[in-house]
Colleague: 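Pasting in a structure now, in structure tokens, and then I'll have a few things to ask.
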Amino acid sequence: MVSMLLSVPAVVSTCLLLFLANLVGNVRGGIPTTLDGPFKPVTVPFDESLRGHAVDLPPTDPRLIRRVKGFEPEQISVALSATYDSVWISWITGKFQIGYNIKPLNPKSVASVVHYGKLRFPLSHEARGNSLIYNQLYPFEGLRNYSSGIIHHVRLTGLKPDTLYYYRCGDPSIPAMSDIYYFKTMPISGPKSYPGRIAVVGDLGLTYNTTSTIDHLISNKPDLVLLIGDVTYANLYRTNGTGSDCYSCSFPDTPIHETYQPRWDYWGRFMQPLVSRVPIMVIEGNHEIEEQVESRTFSAYSARFAFPSEESGSLSTLYYSFNAGGIHFIMLGAYVSYKKSGDQYRWLEGDLANVNRSVTPWLVATWHPPWYNSYQAHYKEAECMRVEMEELLYSYGVDIVLNGHVHAYERSNRVYNYLLDPCGPVHITIGDGGNREKMAIKHADAPGNCPDPLSTPDEYMGGFCATNFTSGPAAGKFCWDRQPDFSAYRESSFGHGILEVKNETHALWTWHRNQDMYNTAGDQIYIVRQPDKCPTQPKEIDLWEARPLLEEE
């Protein structure tokens with residue numbers, strides 16, 4: 001007999017029918033909920049058969065080859081605006097150039113036009129946008145410079161919610177237009193309105209592992225894709241196209257850390273079958289920094305993707321927000337100032353203050369490096385950001401935090417300031433999309449694995465914020481001597497996640513491992529909000545007692 005796995009929450013803010021339907025589903029599926037937590041930490045042993053070297057797709061792979069002619073569009077993608085009634089269509093025309101004497105294309109030479117409508121024929125609406133090119137320049141002998149094709153971004157407005165639209169893009173005057181593609185808008189923002197499935201992936205790259213991840217992701221039929229940093233790993237390649245296995249061991253004899261920008265074009269072609277019809281929202285990772293001449297950074301990232309920065313009141317492509325039905329997503333930048341006195345923090349304060357939780361009950365925050373990480377890799381690396389921003393996110397009742405960077409999977413118990421807290425967010429690290437760098441398999445709590453505190457500065461923002469724990473079972477230590485209480489589940493495997501928000505209080509999170517069958521869950525849990533127990537405006541509340549979950553035997 002199936003046992004009851006749910007207890008009725010103290011306060012139920014959803015309607016009775018929705019709650020009972022969700023309850024029955026949980027019982028039948030045997031899926032735990034966060035109301036059953038905090039959970040005893042679980043570590044799944046590493047499968048040695050997964051240790052194989054991650055091999056990049058070669059430029060000769062048919063999925064990476066340029067197949068269009070002249071100025072016909074390629075690398076077509078869709079991105080959301082801040083609200084359901086607007087989306088961005090992006091594409092590239094013309095060939096990139098790489099060499100020592102490049103001549104950039106003129107972005108004004110090709111128009112940016114999208115024809116679209118609810119019917120495939122005729123496409124009754126037209127929108128025009130802007131175009132640009134970017135350069136990646138290295139003023140050193142022997143290093144080749146890069147100039148992109150013409151990148152187009154067109155914003156479509158006045159769209160209906162939850163509606164299928166057809167479109168084609170290009171320049172009709174040449175003529176150089178794409179085939180007809182389609183996308184579906186997000187549902188209207190409201191407490192009972194949510195996209196079906198949101199795919200979450202980090203640290204993707206362009207390896208054969210990547211192809212497996214994307215195949216699995218597509219099989220789950222997502223309505224939206226979140227890419228939590230580290231897109232192409234173009235900075236693991238020299239300008240002559242030869243690669244390296246890791247960032248830290250790359251290019252010791254060159255005057256600047258090179259990149260091979262054509263990897264971005266290969267990635268755009270590979271991803272087009274998915275992102276030309278399913279919107280993709282991206283936030284930067286450390287591999288997008290790509291420093292070049294005059295200390296310019298993030299040139300490829302900022303130019304190639306469309307961001308709802310202006311629509312969400314942001315001054316930067318490195319942080320922004322948007323709605324997807326009854327979910328408000330906050331995309332934060334870990335490699336731009338996050339200080340309380342900085343622009344990003346002030347923007348975040350204003351954005352959070354403007355969130356109406358009666359309209360968008362769910363608040364999800366994302367950035368690249370995790371705050372709660374028990375792996376040796378990148379241990380406490382983002383501590384300065386946590387110190388600056390965690391209290392603000394907690395005070396506004398953020399429900400879920402999504403991160404990448406660590407090349408493994410980890411899900412936390414609800415946590416705040418390293419203490420188990422029923423009103424803290426669930427932190428999920430999913431930096432296991434398939435990149436070329438090695439999988440993270442060592443845990444900081446294993447004997448001999450605890451990093452030296454002096455090896456954990458924030459090298460991009462500056463400062464040493466990582467210190468010993470001041471309370472709890474690890475008091476006085478830099479690392480725990482067992483899996484931390486905040487870590488509910490961890491496993492080193494490649495994969496992706498699917499978030500399905502069911503109603504105002506219940507969201508199903510599923511982690512899919514690449515080595516499993518397409519419909520198999522590696523980890524699954526209902527994340528349950530308790531808005532009456534956990535106020536969504538700043539207010540002091542009681543914490544769970546900071547205690548170990550494992551009793552002494």
Side-chain angles (χ1 to χ4, degrees), residues 18 76-90 114 116-118 125 127 129 153-167 169 181-201 217-218 220-228 271 274-283 305-314 319-331 351 354-366 398-400 402 496-510 527 529:
L18 283 172
I76 301 167
S77 65
V78 182
L80 301 181
S81 186
T83 54
Y84 71 86
D85 57 351
S86 177
V87 305
W88 288 91
I89 307 295
S90 303
V114 176
Y116 65 100
K118 296 179 185 179
H125 300 283
H153 300 300
V154 177
R155 185 182 176 203
L156 313 186
T157 59
L159 306 177
K160 300 298 182 182
D162 205 20
T163 300
L164 190 70
Y165 283 89
Y166 296 93
Y167 73 95
C169 57
Y181 297 89
Y182 63 89
F183 65 87
K184 190 177 183 181
T185 53
M186 290 293 103
I188 194 169
S189 291
K192 302 183 186 301
S193 178
Y194 300 95
R197 292 181 174 182
I198 300 169
V200 184
V201 65
L217 187 154
I218 290 173
N220 278 317
K221 299 179 180 179
D223 300 285
L224 173 65
V225 177
L226 300 181
L227 177 48
I228 316 298
M271 292 293 288
L274 171 64
V275 300
S276 60
R277 58 184 178 83
V278 179
I280 183 169
M281 306 302 288
V282 183
I283 196 65
F305 296 107
F307 306 93
S309 299
E310 183 178 351
E311 301 102 278
S312 60
S314 170
Y319 52 89
Y320 60 92
S321 67
F322 65 94
N323 289 341
I327 314 168
H328 185 70
F329 284 97
I330 299 172
M331 314 289 277
D351 189 84
N354 286 327
V355 175
N356 184 344
R357 300 300 280 272
S358 66
V359 176
T360 52
W362 287 87
L363 187 52
V364 178
T366 76
V398 168
D399 300 298
I400 303 170
L402 301 169
H496 75 282
I498 294 289
L499 179 65
E500 301 173 73
V501 177
K502 303 297 185 179
N503 53 46
E504 301 98 309
T505 58
H506 287 68
L508 178 62
W509 168 260
T510 308
I527 299 173
R529 299 180 62 246

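Throughout, numbering of the chain's residues begins at 1 and tracks the sequence.
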Colleague: Less than 4.5 Å apart, side chain to side chain, heavy atoms only: is that true for Leu226 and Phe329?
Modeller: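 Yes, close enough: below the 4.5 Å cut-off.
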Colleague: Would you mind reporting whether Cys169 and Ile76 have side-chain heavy atoms less than 4.5 Å apart?
Modeller: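 Yes; the side chains approach each other to less than 4.5 Å.
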Colleague: List the atom of Met331, the atom of Thr366, and the distance in Å for their closest heavy-atom pair.
Modeller: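 For Met331 and Thr366, the tightest heavy-atom pair comes out as SD-OG1, 3.1 Å.
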Colleague: Hey, is the main chain of Glu504 close enough, under 3.5 Å, to the side chain of Arg529 for a donor-acceptor pair?
Modeller: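 Yes; at least one donor-acceptor contact below 3.5 Å.
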Colleague: Starting at NZ of Lys160, measure out to NZ of Lys118 and round the result to the nearest 0.5 Å.
Modeller: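 One finds 6.0 Å between NZ of Lys160 and NZ of Lys118.
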Colleague: How far apart are the closest heavy atoms of Gly325 and Ser189, and which atoms are they?
Modeller: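 Residues Gly325 and Ser189, closest heavy atoms: O-OG, 3.0 Å.
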Colleague: Counting C-beta onward and ignoring hydrogens, is there a side-chain heavy-atom pair between Val364 and Leu402 closer than 4.5 Å?
Modeller: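 Yes, their side chains come closer than 4.5 Å.
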Colleague: Are any side-chain N or O atoms of Asp399 and backbone N or O atoms of Leu363, one a donor and one an acceptor, separated by less than 3.5 Å?
Modeller: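 Checked: pair present.
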Colleague: If you compare all heavy atoms of Ser312 against all heavy atoms of Ala82, which two are closest, and at what distance to 0.1 Å?
Modeller: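 Nearest pair, atom of Ser312 first, then Ala82: N-CB, 4.4 Å.
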Colleague: Any side-chain heavy-atom pair from Ser358 and Pro191 closer than 4.5 angstrom?
Modeller: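 In short, these two side chains do not touch, never coming nearer than 4.5 Å.
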Colleague: Tell me every residue that passes ring-ring contact (aromatic ring centres under 6.0 Å, His included) with Phe305, counting only those two or more places apart in sequence or in another chain.
Modeller: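 With neighbours one apart ignored, the set is empty.
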Colleague: Determine, step by step, whether Lys184 and Asp162 satisfy the side chain to side chain contact (heavy atoms under 4.5 Å, CB included) criterion, reporting the C-alpha distance in whole Å, the side-chain angles of both residues, the deciding distance to 0.1 Å, and the verdict.
Modeller: CA-CA 6 Å; Lys184 190 177 183 181; Asp162 205 20; 3.0 Å; yes
Colleague: Grab the two heavy atoms, one from Pro279 and one from Leu224, that are nearest each other, plus how far apart they are.
Modeller: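 The pair with the smallest heavy-atom distance is O-CD1, 3.5 Å.
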Colleague: Can you check whether Leu156 reaches His125 side chain to side chain, under 4.5 Å on heavy atoms?
Modeller: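 Side-chain contact under 4.5 Å: no.
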Colleague: Apply side chain to side chain contact (heavy atoms under 4.5 Å, CB included) to Val275 and Val225, showing your working.
Modeller: CA-CA 8 Å; Val275 300; Val225 177; 5.6 Å; no
Colleague: Under a 4.5 Å cut-off applied to non-hydrogen side-chain atoms, are Ile330 and Val355 in contact?
Modeller: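 No, side chains not in contact.
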Colleague: Atom OG of Ser81 and atom CD of Glu310: how far apart are they, to the nearest 0.5 Å?
Modeller: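 Between atom OG of Ser81 and atom CD of Glu310 there are 9.5 Å.
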Colleague: Within the structure provided, determine whether Pro222 and Leu217 are in side-chain contact (heavy-atom separation under 4.5 Å).
Modeller: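 Sidechains of Leu217 and Pro222: in contact.
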Colleague: Is there a side chain to side chain contact (heavy atoms under 4.5 Å, CB included) between Thr157 and Asp85? Walk through the geometry before answering.
Modeller: CA-CA 6 Å; Thr157 59; Asp85 57 351; over 6 Å; no
Colleague: If you look at every heavy atom in Tyr84 and Leu159, which pair is closest and at what distance?
Modeller: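 The answer is CE1-O, 3.8 Å.
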Colleague: With a 4.5 Å limit on heavy-atom distance, are the side chains of Met281 and Pro308 in contact?
Modeller: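 The answer is yes; the side chains approach within 4.5 Å.
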Colleague: Just by distance, no angles: are the side chains of Asn323 and Thr360 close enough, under 3.5 Å, to form a donor-acceptor pair?
Modeller: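 The answer is no; no qualifying pair exists.
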Colleague: Show your reasoning for whether side chain to side chain contact (heavy atoms under 4.5 Å, CB included) applies to Ile89 and Val78.
Modeller: CA-CA 5 Å; Ile89 307 295; Val78 182; 3.8 Å; yes
Colleague: Going by the rule ring-ring contact (aromatic ring centres under 6.0 Å, His included), which residues pair with Phe307 if we only count those two or more places apart in sequence or in a different chain?
Modeller: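 Only Tyr301, Tyr320 meet the ring-ring contact (aromatic ring centres under 6.0 Å, His included) criterion with Phe307.
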Colleague: I need the Asp223 CG to Thr185 OG1 distance, nearest 0.5 Å.
Modeller: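 Answer rounded to 0.5 Å: 10.5 Å.
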Colleague: To the nearest 0.5 Å, what is the distance between OH (Tyr166) and CZ (Arg277)?
Modeller: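 It comes to 13.0 Å.
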Colleague: Any chance you could measure Met186, atom CE, to Ile327, atom CD1, to the nearest 0.5 Å?
Modeller: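 Reported value, rounded in 0.5 Å steps: 9.0 Å.
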Colleague: Checking Phe183 now: which residues fulfil ring-ring contact (aromatic ring centres under 6.0 Å, His included) with it, not counting sequence neighbours?
Modeller: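 ring-ring contact (aromatic ring centres under 6.0 Å, His included) list for Phe183, sorted by chain: Tyr165, Tyr167.
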Colleague: Tell me the closest heavy-atom pair linking Ser321 and Asp351, and the distance in Å.
Modeller: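 For Ser321 versus Asp351, the nearest heavy atoms are OG-OD1, 2.7 Å.
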